[in-house]
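Report on the structure given below.
Chain naming here is simple, since letters A, B, ... match the order of the sequence lines and numbering starts at 1 in each.
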Amino acid sequence: MACPKDFDNSVENKWCPGCGNHPILQSIKEALAQLGLAPRDVLIVSGIGQAAKTPHYLNCNFFHGLHGRALPVATGAKAANHSLTILVNSGDGDCYGEGGNHFMNAIRRNLDITLLVHDNKVYGLTKGQASPTSDLRMITRAQPHGVILEPFNPLAVALALKAGFVARGYAADTEHLSMLIQEGVRHRGFSLIDILQPCVSFNQVNTYQWYAERVYDLAKEGHDTSDFMAAMVKARQWGDKIPLGILYRQESPSFTDRIDGLKEGPLTGRAYDPARLHKLLAEF
Amino acid sequence: MACPKDFDNSVENKWCPGCGNHPILQSIKEALAQLGLAPRDVLIVSGIGQAAKTPHYLNCNFFHGLHGRALPVATGAKAANHSLTILVNSGDGDCYGEGGNHFMNAIRRNLDITLLVHDNKVYGLTKGQASPTSDLRMITRAQPHGVILEPFNPLAVALALKAGFVARGYAADTEHLSMLIQEGVRHRGFSLIDILQPCVSFNQVNTYQWYAERVYDLAKEGHDTSDFMAAMVKARQWGDKIPLGILYRQESPSFTDRIDGLKEGPLTGRAYDPARLHKLLAEF
Amino acid sequence: MGIDITITIGGEAGQGIQTVGQLLAAVCREAGLYVFGINDFESRIRGGHSFYQLRIADHQVRAPRHRVNLLIAMDDATLRLHREELLPGGLCLLNSADAEAEEPVRPIPFFKLARDAGGDILANTVATAAALALLGAPGGMLEKILHRQFAGKSSKVLEDNCTAARLGRAAVQGIDCSCIGAWPESGRKRMIMEGAAALSLGALAGDCRFAAFYPMSPATGIMMNLAAWQDRFPLVVEQAEDEIAAANMIIGASYAGVRSLTATSGGGFCLMTEAVGLAGISETPIVIINAQRPGPATGLATRTAQADLRQVMHAGQDEFPRFVFAPGSPEQAYETTARAFDLADTYQVPALILVDQYFNDSLFTLEDALQAPEKVSSRTIDDASQKNPSDYQRYALTDSGISPRAVPCAGETLVMVCGNEHKPDGHSTESAELRTAMVDKRARKLRGMASDMRPPTGAHPEAAIRLICWGSTLGVVAEAVELLRADGVDAGYMHFCDIWPFPGTAAQAALAGAERLICVEQNSTAQFAGLLRQETGIAVAHTVLKYDGRPFYPLEIVNAVMKEGR
Amino acid sequence: MGIDITITIGGEAGQGIQTVGQLLAAVCREAGLYVFGINDFESRIRGGHSFYQLRIADHQVRAPRHRVNLLIAMDDATLRLHREELLPGGLCLLNSADAEAEEPVRPIPFFKLARDAGGDILANTVATAAALALLGAPGGMLEKILHRQFAGKSSKVLEDNCTAARLGRAAVQGIDCSCIGAWPESGRKRMIMEGAAALSLGALAGDCRFAAFYPMSPATGIMMNLAAWQDRFPLVVEQAEDEIAAANMIIGASYAGVRSLTATSGGGFCLMTEAVGLAGISETPIVIINAQRPGPATGLATRTAQADLRQVMHAGQDEFPRFVFAPGSPEQAYETTARAFDLADTYQVPALILVDQYFNDSLFTLEDALQAPEKVSSRTIDDASQKNPSDYQRYALTDSGISPRAVPCAGETLVMVCGNEHKPDGHSTESAELRTAMVDKRARKLRGMASDMRPPTGAHPEAAIRLICWGSTLGVVAEAVELLRADGVDAGYMHFCDIWPFPGTAAQAALAGAERLICVEQNSTAQFAGLLRQETGIAVAHTVLKYDGRPFYPLEIVNAVMKEGR
Ligand SMILES: Cc1ncc(C[n+]2csc(CCOP(=O)(O)OP(=O)(O)O)c2C)c(N)n1
Ligand SMILES: Cc1ncc(C[n+]2csc(CCOP(=O)(O)OP(=O)(O)O)c2C)c(N)n1
Ligand code: SF4
Ligand code: SF4
Ligand SMILES: [Mg+2]
Ligand SMILES: [Mg+2]
C-alpha cells in the first residue's frame, strides 16, 4: 500500500515556518498515497513562486518551469503522453496573473490534470505585492493606497468557462483538502482546486484566524454540485461566509479524449515509420 | 451638430465585400455623431486583425498596435490622460485569444473605455483558423477534425469578473448596435460590446442567415439589466436563440476614478516641479 | 539555354491568382520541366493587388526574374503595375470584354468565359488553359491535372473545369507566342513543393510528433501542412492560445518524450524567447522555425525579410547553447529540419531555424526526390540502460556537457527538471560553485555542436569577388554569380546554412584569398556581416542590402556588385 | 589610507540582516564617513543564509572586499560560511548563549538581549549597537538615528530600541577592537542610497509620470520607490497583469503624452520585446530598465549578472534605432536615467538601461548631492506650433529622421500611429518605396543619437594594460586598477556607460596604444568584447569573466590580470 512518506525527500524546505504551504504539501502526499500512486506514477508541473516550489519537496517526477507557464507545459506533456497523471502546483499570481490566459485555455481544453492553486492572495516570493486575488483595499508596498482592482474570482471564472470540476480547499483543513485532491485527480478532465493559503509573512488580512471565522463546508449544507447556478452563487460568496468544497462537477470528454489521433495510444509509445513518410513524399 | 460623415476618410477599405465589419464601421460613425463627438475628441486603440483595421477607416486619433495588446495601450493612455474618450476595436482572436489576460484585467480595473469586439468566430486576417469563440466541431484548415475546445464565452466571463456593462450587438443591426455603442461610451467604466460579425470568407457556420434565424432583442423581452443571475442565464444562451442587447449594467468607480493621484486632473496637464524633487532628494 | 520563360499572373486577392500558378506548375511538372514560383500578396483577403510569378525552364531555376515573357492580367491594375516588366516580344493577356487593345495586350474576357463555363470561380482554369495554349503545351495535359485534382469532387465540377479549359484555349487560338519552342516529351517528373512543405516534411523526417502554434504569417503554412497530415502520422498539432503557450507546450511535450516543433514569425518569436531560455537551462530539446517578415512589430505582414538573425541568436536572458540554421533551398530545408530535431535531441538544446516569406511561399522543383530516413532514433534512456535508476541525475556533470536524458513516468527513474539553476539531481541551488559548474557544463556542449556544423557551400570558391549570403537568398545569389561570370566578372559565392555555433574556421578558409567580399542580405544593417566580423575579424568590403519586403532579383545583385556594392 | 574597514552581518532571511547594515550606514553617514554595502540573499523569505557587507571608510569606496574586519554572525552558519574572510586581528560576534568561544569569536546572546529589551525583533538594534561600540563610534549617534526612524511610531517602540542599543553596547564592553581609530567629528553628511533609488530618482528627474511594472527581482525595488512617491509627484504607478501589459501600457501612456517607464529583469524583458519593436516602429519614446540577474529562465533569482547585453540590443524582430545604457554608479544612474527619458523623447525611440542586482541592491555614498533639474521640457508639438494642424503627418519624412510628435485629443491635430509599416500620415502601406523610405527615416536618427553618445570614461588612459568594463563593475574595476598600480602594474581602465549607438570612434581612441586589452564582464561569453570586435575590429587579448551570480571583488580582477586574464 502506498504511503504519504513515499513522497518525502531530503530537500531543505524553504517556506516560512507557519506558512499555509506546509499543510498543503502534507495533503498532497496523503492524497497521492490514498490514490495508490507511487512517486514514479506522478508528474508535477509548476511555474514560479512559493507555491511552485512544491514539487521540490515531493519525491516524484517534476518540471519546474517559468512563472505563469505551468499549464502549457502540462498541456504539452499530456498531449505527448496522455497516460500521465499530472498535477500542477501554482500560485495566485502564477496562475491567475502572469498565467491568466493559460488558465482560461486549460479549462477550455478540459485538460485532464489537477490544478492546485495555493491562493495566498499575495505575491509571496517577490515580497508582498498584491496578487489578482488580493482583497480590495489591501495595503502593500506596491499598493500603498490599497488595492483598487476588483479581485479575480477564480471559481466564478472557471464556471463561466464551463470547468467540470471546481472546488475550494483550505490549507489548514488537510483532511478535507486531501479529499478534494483525490476527487480532483479522479475526475477525468480539468479540475481546479483553489486553496485558501495563509501567508504569514505578507498577508496580514487573510490569516488563519480570519479564515477560521469564515469557512464552512458546502457538503454539509447539501449543496448540489450538479447545479450550475447554485455553484455560481456559491462562487460569488466571499466575506463573512466562505464556502469550501466541491462547487461544481460535471464530466465530459477531456482534451486528449477528443483528439482522434490519440485513440491508438500515447504518442510516446508510437514508432517512426519510414513507409508513411515515403508515401507522403510520393505525393509531391 | 456632429454627423457620421465627419468620421469618413479617404483610406481604401481592405475588408472583403459583404464583411460584417462594414456595418459595424457605420454603426460606430453613427454612434460617435449621436454622442456629439468630433474626430478630435476620439481616440481609437486597436490590436491586429481585420477588426483592428477599423480605425484606419475613421477620421480620428488612433493607435494601431500589436496583436492582442490593445487594452494595455488603452490603459496607459487613459492613465496618462483620463479625459480621453477611448474606444477599442478588437477581434475575437485579438481580444479573447492572444489578449485574453488583458481582457480579464481591463475588466478588473473597470477601465473607462468601450471595447468593441468584432466577433466573427474565426481568425480572419490569418485566413480562417479557429478562434476562441469558434463553435465546437467547426472545421478549418487548422482544425481539420473540427474544433475541440469549448468556445470562450466572453459575456459569461465578463460577468464572472464583475464587468459593469456587458452587451451583445449584431453587425447587421446597425441601429441597435449604434445604440449599444452610445450606451457603452456613456457608461462610466468598462463596457464590453461583443458584436456578432459574419465573416463571409472564412466562417460558413455563423452566417447572416444563421444569425437572422436566431437573434432576438433582450430589451423587448423585459430583461432586467440589474439582475446578475438573469444576465448569467442570458450570457449562456447560445444555439437556437441568441440574445442581443445589454445583459448587465451597474456603475461603479472606474480605474482612474480610484487613483488618488488623478483627483488633481490628468497627468498630461501637470507640470514638472523641481521643488518637489529637490525635497525628496534632500531626504537621502 | 533552352527553355527559360517567365509568366506573371496578377489580380485581386480572392481571384485565385495562386491557383493559376499552381496549375501551370503542375502541368510543367508533368512535362518534366522545372519551375520556380513566387507569391506576392497583401495583408487582406479580397481586393488589392497580388501576383504569382512562375518561371518555367528545362533546367534547374531558383530565382525570380525581373522581366517576364507573359503577363496574365486578371484586372487593369495588373497591367498598369507590371507592364514595364514585359520583355520585348512579350505578351499580356488582359481580362477585358473589349475586342481590341494595343500591342502587346490581348484582351480575353476571362470572367465572361468562366461564367459561360459555369461560374466566376472557373476564371483560373480559363486563364491557365489560355496560358498553356500560348506556351504550346501539348493538349490534354491540363485536363489530366484537373482530373487528378477533382477526383473526390462531383463530376459537374470536373466537367465545368474542362469546359473552362476548352474555352480558355479557344480564346487564344491564333495568337502567336513561341516562347517555349518544343515541349519535352514527358520528361522525368520531379517533385515540386513550396518551401513551407519542405520544412513540414523535414519535421516528419525528424520524427516530430507534437506541434503547437499560434497562427502567424508566413509561418502558418508549415503548420497547416502538419495539421492536414495528423491522420497519417503519430502527430498532434495544437493551436495554442498564444505563442507563449505554444513554446511552453512543446517544451512539455519534449520533456514527456516526443520531438516537438513550433513555427512563428518574429513577433511571435518575441513572445517565445523566455521559453527558449527555459529549453536552454532545462536542457529540453525543441525546434522553432522563425519565418521572417519585415518588422518591427507588425511591419509588412505578408512580405519577406532576413532581419531576425541577431534576434534569434540572442533571444532569452543570459547565455546557453543553441543551434541556428538558415536553409536556402527546399532540399536543405528538408534535411536541415530533420537534422535540427536530431541535433536538438543529441545536445538537448533549442534549435532555431530561420526561413522567410519568400522561401516559405515559393515553389521549387527538386532535382532528386526527398527520401524518408530509414530510422530515427531517440536519444533518451530508460531504467534498463541504468545500473540504478533511483540514482538518476538529470543534470549529471559530464565531459561532453550532455547528461543522459530520461522521460518521466516510464519507470523507476524520477526525472526532475528545473528552470532555476540546479544541482545535478534537478533541485534548485544557490551555490556559486554549482552555478559555475552548470554554466560550464552547458557551454561544453558547444564543442560537440560546433563539430556538427557544416561549412558554408558555394560555387567558384577561388573567385576574386566573393558574395556571402545565408538563408533564402541562395538561389538568387547563385544565379547572380552566373550572370556576373557571363559578364566576365570573376565572382563566386559562399552560402551559410549552419550559422550557430558559428563555423568560424570554415568561414575563414572559405573567404580567404578573396579580393572583395560582398555580403548580400535582406535587412538594413547587414547583420550577418556584423556576426562575421565579431566571430572572425573579417570585415566585408561591401554589402548589398534590400529591405523593402520584396525578394531580391538576380539582376539587382549583379548591378549592385557592378557598382561595388553600397 | 585612514579608515577603511569592512563588516559583514550574516544570518537567516527574516532576521533583519539588512536592517543592521542600513542602521550602521546611517550612523556612518551622520559621522561624515563613506559607506559601501552589498546585499546577498537567497530566493526565500525566511531561513537559509543571507549577509550584508558594509565597508566604512573616510574616503570614497565603491567595491566590496573579500576580507572583513568584523563579522556579526546572527547564527552559526554565518560563522561557518564567513570565518575564512576574517582579517588577521578581525573579530566575530556570534549569537550564542555560551560564555566562552575560541578566538576570534566572541559570543554575544543577541536574541536573548533583544528579548530582554522587548522582543526578538530588536536583535538588529542590539547587533548594531554592539558593532558601533566596537568600532568606537561616539555614543548617542545610534539613538539619534533611532529617534528619526521611529518618529511616527509609538514611544514604546523607540524606548525598546534604545534599551536594545544600551544592552548591545554593554555586551561588548571591554572587547578591544581598534579598527577605526578616531571617528571624524561630525563631517559633511553625504547622501547615501541604493542603486535602485538612484534609478527611481533619475526617472523623476526625467519627468517620468507613469510607470507600469510586473514584480521581478531585482527590478522591483525601483518600482516600490516610485510607488511610495506617488503622493508627492504627478505620478501613477500601476502593477500590470504581466510584463507584456506593462510594456504596452507605457507605450499607451507615452503616446497620450506622458513620459513612461517600466523596469524588469531578463525574463520579464523577454515578454516585452515585441513591445520594444512597437515603440520602435511607432516611434513612441519609452524607457525600460532591465535589472539583470543570472538566467537563463529563472536562473538565480536574487543574484547578479551582466549577461543580457546582446538580448537588449537585439530584442524585437527586424531593426530600429534604440539606446542602450549601462550606468556604473548612482551618480551615473541618476543622470543617465534622466537623460534616457530626454533622449527617448528627442529621438522618439526606446531607451534601455541595463543595471543588475549588485547595483540595485548596493548602498553607495555620494560625494555630491544629486540636483533636481530646473526644467524638463517635453518635445511634443501642438496645434499652435503648426500652420495647419489638419495637415499633420505623424511620420513626416525629415532629414533628421525625427518627425514632430503631437499628442492625441489635444486639438485639431489628429495623431495616427501604427505598428504596421506606414505612410507619413500613419496609415498602413504595402508600398516597397515607402517601406524603404520609412526604414531609412528611422535609421537616420542614428546619426543624431550617435552624436549624443558619451565616450567611455576611465582612469590612466595611457596605461599599458587597459581594463574594459561596462555597467555596474565600474567601482570594482576602478579599485582593481588602483591595486594593480600599487603593485607596480601599469594598468588603467575604460568604462562604457553609453553602449548603443556604439561609440566606436571614441572606443577606438580610448583603447588605442594599449599593450593589452582585458575585458571584465559578469557573463560567460564576454558579450561586450564581441560587440567591440563587431563594431571596431578590436579583439581584446583577455577576458576576466565571472558568472556565479556573485559580484566581483577587486582582488579577483587583480589576480586574473596578474595571470594574464583567462
Ligand atoms: C516572467 C517573470 N516575471 C516575474 C517573475 C517574478 N516572480 C517570481 S514569483 C512571482 C509571484 C509569485 O506570486 P504567486 O504566484 O502568488 O506565488 P506565491 O509566491 O505567492 O506562492 C513573481 C512575480 C518571474 N520569475 N518571471
Ligand atoms: C504576436 C502575433 N501573433 C500572431 C499574429 C498574426 N495574426 C494577425 S491577425 C491574427 C488573428 C486575427 O483574428 P481576430 O483577432 O479574430 O481578427 P479578425 O481578423 O478575425 O477580425 C493573427 C493570429 C500577429 N500579428 N502577432
Ligand atoms: S512568504 Fe508567505 S507564501 Fe511564501 S513561504 Fe512565506 S508564508 Fe509562505
Ligand atoms: S476575411 Fe472575413 S472578417 Fe476579414 S474582411 Fe473578409 S469577411 Fe471580413
Ligand atoms: Mg501567491
Ligand atoms: Mg476574428
Side-chain angles (χ1 to χ4, degrees), chain A residues 12-19 21-22 46-50 52-53 56 63-69 73 91-103 120 122-132 134 138-149 152 199-203, chain D residues 12-15 18 41-50 77 196 211-232 235-246 263-268 270-271 291 293 295-302 361:
Chain A
E12 187 208 349
N13 189 303
K14 296 184 180 177
W15 290 324
C16 308
C19 175
N21 282 329
H22 299 290
S46 74
I48 295 293
Q50 298 286 22
K53 290 179 184 171
H56 288 283
F63 191 106
H64 181 198
L66 295 173
H67 183 54
R69 316 304 172 191
V73 169
D92 39 329
D94 194 46
C95 191
Y96 308 138
E98 185 84 84
N101 209 20
H102 314 307
F103 174 67
N120 56 5
V122 76
Y123 282 15
L125 194 54
T126 50
K127 305 198 175 174
Q129 300 80 18
S131 91
S134 295
M138 170 166 163
I139 303 233
T140 80
R141 275 184 67 211
Q143 284 77 24
H145 293 240
V147 170
I148 61 171
L149 271 68
F152 181 77
C199 165
V200 295
S201 291
F202 296 112
N203 189 330
Chain D
E12 295 184 3
Q15 286 184 337
Q18 250 188 295
F41 51 98
E42 302 181 7
S43 186
R44 61 195 290 175
I45 307 304
R46 294 274 178 276
H49 176 66
S50 56
F213 75 104
Y214 188 80
M216 188 162 193
S217 311
T220 316
I222 303 165
M223 289 295 158
M224 296 304 96
N225 291 333
L226 292 175
W229 301 334
Q230 282 177 97
D231 288 339
R232 306 170 59 172
L235 173 67
V236 169
V237 179
E238 176 63 6
Q239 182 173 323
E241 54 271 28
D242 56 27
E243 288 86 350
I244 304 173
T264 184
S265 189
C270 282
L271 297 165
R293 68 190 216 189
T298 314
L300 291 170
T302 58
D361 294 339

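- Taking chain A as the reference chain and counting heavy-atom pairs below 4.5 Å, the highest number among D:Glu241, D:Glu243, D:Met224 is found for D:Met224.
- Taking 4.5 Å as the limit, every side-chain heavy atom of D:Met216 sits out of range of all side-chain heavy atoms of A:His67.
- Closest non-hydrogen pair, D:Ala227 versus A:Ala142, comes out as CB-O, 3.8 Å.
- Side-chain atoms of D:Gln239 and A:Gln129 include no donor-acceptor pair closer than 3.5 Å.
- For A:Ile48, the part sitting under 4.5 Å from any heavy atom of chain D is the side chain, from C-beta outward, and nothing else.
- Residues A:Lys14 and D:Ile45 have side chains not in contact (no heavy-atom distance under 4.5 Å, counting atoms from C-beta outward).
- Counting heavy-atom neighbours within 6.0 Å of D:Arg46 CZ, excluding the residue itself, gives a total above 12.
- At least one side-chain heavy atom of A:Glu98 sits under 4.5 Å from a side-chain heavy atom of D:Leu271.
- Using a 4.5 Å cut-off between heavy atoms, D:Thr220 touches chain A through its side chain atoms alone.
- For A:Asn13 against D:Arg44, the heavy-atom pair with the smallest separation is O-NH2, 3.6 Å.
- Only the side chain of A:Phe202 has a heavy atom closer than 4.5 Å to any heavy atom of chain D.
- Using a 4.5 Å cut-off between heavy atoms, A:His64 does not touch chain D at all.
- Of all heavy-atom pairs between A:Thr126 and D:Pro215, the closest is OG1-CB, 3.9 Å.
- When side chains are defined from C-beta on, D:Met223 does not count as touching A:Arg141, because their heavy atoms never get closer than 4.5 Å.
- Only the side chain of D:Glu238 comes within contact range of chain A, judged by heavy atoms closer than 4.5 Å.
- For chain D, the nearby part of A:Pro144 is the side chain; its heavy atoms alone come within less than 4.5 Å.
- By the side-chain hydrogen bond (donor to acceptor under 3.5 Å, both in side chains) test, D:Thr264 pairs with no residue at all, sequence neighbours left out.
- Remark: D:Ser43 OG to A:Lys53 NZ distance equals 5.0 Å, nearest 0.5 Å.
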